[in-house]
Amino acid sequence: MSKLAVVGARFSYPGSVEALRGVSFSIQGGEIVGVLGPSGCGKTTLLLVAAGLLEPLEGEVLLNGKPLRNQLPEARKRLGIVFQEPDDQLFNPTVKDELAFAPRQLGLSEADVEERVKAVAAALGLTHLLNKPTFALSGGEKKRVAIASVLVYEPEVLLLDEPTAYLDSRWKKVLESLLLELKASGAAVAVATHDVDFAARVTDRVYLMFGGHVVAEGPTRDILSDERLLSENGLEPPGPVAAFKALGGVGRSPLRFEELRATLAAALARRFARLRLARSSLRLLR
């Protein structure tokens, strides 16, 4: 059974075309799923529907196999969503207040709240900012606070909309590690993004969206190695895939630069081995 599932969802905003046109989507515990596509394809709307913040015109959302609408508001403590724009999420006067808000609403003791706030602040480099007003933060700092404000209450299902927006390479790596830790702990994670390189590093499966539809779904390697499919739907392949194919590579495309380096090193080793064999053969012929 899926931890969270959206089944046949349709949704339209007032005065606009359908944002979702019969979309189905699911996440299992211990899995990171990517929702990829260009801006305007319906990624954000899908996450908002999945989180129970928008009611689909058709279809339903299931949490642990049961309608989500029948489990609200209690299910809020099991579902976490990080918005694309942190200013849409932050509303407390200081960083510490922001991080402590959800745990306090859930009735945790002040000692537990303090412990969780310290831990998540340390993980996302926010300790020195705890007493700073949220409005005075940089874009990257706000994004990290928004992520921390959800991680702090340890939801079973985590939905992230463009989580790498505003983050530099250092904090993208930190976020990658945190998401992989959540996966290992059994959480269900969905990442909506057009950052294909980040998706290649963290996701197990991918849903590719375009025009309010899911146009493809499958293992991350299968989807992100298909340059034609990505191009037809407004995306470029991850850097390692593009580099591998530009160098004339055939077969299994590397999704990460670590894989690309290993593949190239192996190819060079094979070439040098052939050269050594050829030289040995020439010496024997003399």
Side-chain angles (χ1 to χ4, degrees), residues 3-6 27 29 32 44-56 60-137 139-163 165-166 174-175 178-179 181-183 185-192:
K3 177 67 72 172
L4 181 71
V6 176
I27 332 171
I32 303 177
T44 294
T45 304
L46 175 58
L47 289 199
L48 294 174
V49 167
L53 298 177
L54 293 178
E55 182 71 21
E60 62 180 345
V61 181
L62 303 175
L63 179 63
N64 294 322
K66 299 177 181 178
L68 174 61
R69 70 170 70 90
N70 297 339
Q71 301 179 62
L72 296 174
E74 182 275 337
R76 293 278 175 232
K77 65 184 179 184
R78 292 181 278 144
L79 274 171
I81 183 168
V82 178
F83 298 152
Q84 178 176 349
E85 293 296 332
D87 284 330
D88 293 338
Q89 188 158 348
L90 307 180
F91 60 92
N92 283 284
T94 69
V95 171
K96 185 174 183 179
D97 292 329
E98 194 69 53
L99 301 187
F101 180 80
R104 284 175 177 154
Q105 298 305 303
L106 294 175
L108 273 66
S109 70
E110 278 303 308
D112 286 341
V113 171
E114 189 75 16
E115 182 179 350
R116 290 199 186 190
V117 167
K118 285 182 179 179
V120 77
L124 283 159
L126 301 171
T127 303
H128 66 295
L129 299 173
L130 285 174
N131 295 316
K132 192 169 183 178
T134 53
F135 71 82
L137 302 175
E141 289 168 344
K142 287 180 179 179
K143 189 71 171 189
R144 281 150 47 204
V145 172
I147 294 169
S149 70
V150 176
L151 293 181
V152 73
Y153 65 91
E154 302 175 356
E156 298 172 15
V157 179
L158 179 62
L159 310 172
L160 302 107
D161 191 7
E162 297 293 356
Y166 303 105
V174 170
L175 178 61
L178 290 172
L179 295 186
E181 287 175 13
L182 285 171
K183 171 186 170 180
S185 74
V189 181
V191 177

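Residue numbers run from 1 in the order of the sequence given. All values derive from a computational prediction rather than experimental measurement.
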Shortest non-hydrogen separation from [X] to [Y] and the atoms involved:
X    : Y    : value
I147 : P163 : CD1-O, 4.1 Å
A190 : L47  : CB-CD2, 4.4 Å
D97  : P93  : OD2-CG, 3.2 Å
G80  : Y153 : CA-OH, 3.2 Å
P103 : V113 : CB-CG2, 3.8 Å
G52  : L72  : O-CD1, 4.3 Å

| query | Does a donor on one side chain sit under 3.5 Å from an acceptor on the other, for Q105 and R76? | reply |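 Short answer, no.
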| task | Give a yes or no on whether the backbone of N131 and the side-chain of T94 come within a donor-acceptor separation of less than 3.5 Å. | result |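 Not at all, since once roles are kept as given, no pair shorter than 3.5 Å links the two residues.
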| query | Quick check: does any side chain N or O of E156 sit under 3.5 Å from a backbone N or O of A188, one acting as donor and the other as acceptor? | reply |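 Judged by distance alone, no pair lies under 3.5 Å.
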I'd like to check [X] versus [Y] (side-chain heavy atoms, cut-off strictly below 4.5 Å). Are they in contact?
X    : Y    : value
L99  : L130 : yes
L179 : L158 : yes
P86  : V145 : no
P67  : L62  : yes
L159 : L48  : no
R116 : E154 : yes
Q89  : V82  : yes
N64  : R78  : yes

| task | Determine, stepwise, if the pair E141 / Y166 fulfils side chain to side chain contact (heavy atoms under 4.5 Å, CB included). | result | CA-CA 8 Å; E141 289 168 344; Y166 303 105; over 6 Å; no
| task | Just do the side chain to side chain contact (heavy atoms under 4.5 Å, CB included) check on F83 and T44 with the steps written out, would you? | result | CA-CA 8 Å; F83 298 152; T44 294; over 6 Å; no
What's the spacing between [X] [atom1] and [Y] [atom2] if we round to 0.5 Å?
X   : Y    : atom1 : atom2 : answer
D87 : K142 : CG    : NZ    : 3.5 Å
E85 : D161 : CD    : CG    : 9.0 Å
F91 : E98  : CZ    : CD    : 5.5 Å

| task | Return yes when atom NZ of K96 has more than 12 non-hydrogen atoms of other residues, nucleotides or ligands closer than 6.0 Å, and no otherwise. | result |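 Incorrect, the count does not exceed 12.
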| field | K132, NZ: over 12 other non-hydrogen atoms inside 6.0 angstrom | value |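 Yes, because the 6.0 Å sphere around NZ of K132 holds more than 12 heavy atoms from other groups.
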| query | Are V189 and I27 close enough, and set up right, to give a side chain to side chain contact (heavy atoms under 4.5 Å, CB included), and what steps lead you there? | reply | CA-CA 7 Å; V189 181; I27 332 171; 5.9 Å; no
| Under 4.0 Å between a Lys/Arg side-chain N and an Asp/Glu carboxylate O for R104 and E110? |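 Looking at R104 and E110, the cut-off is met.
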| said: Is there a side chain to side chain contact (heavy atoms under 4.5 Å, CB included) between L151 and L124? Walk through the geometry before answering. | reply: CA-CA 10 Å; L151 293 181; L124 283 159; 4.2 Å; yes
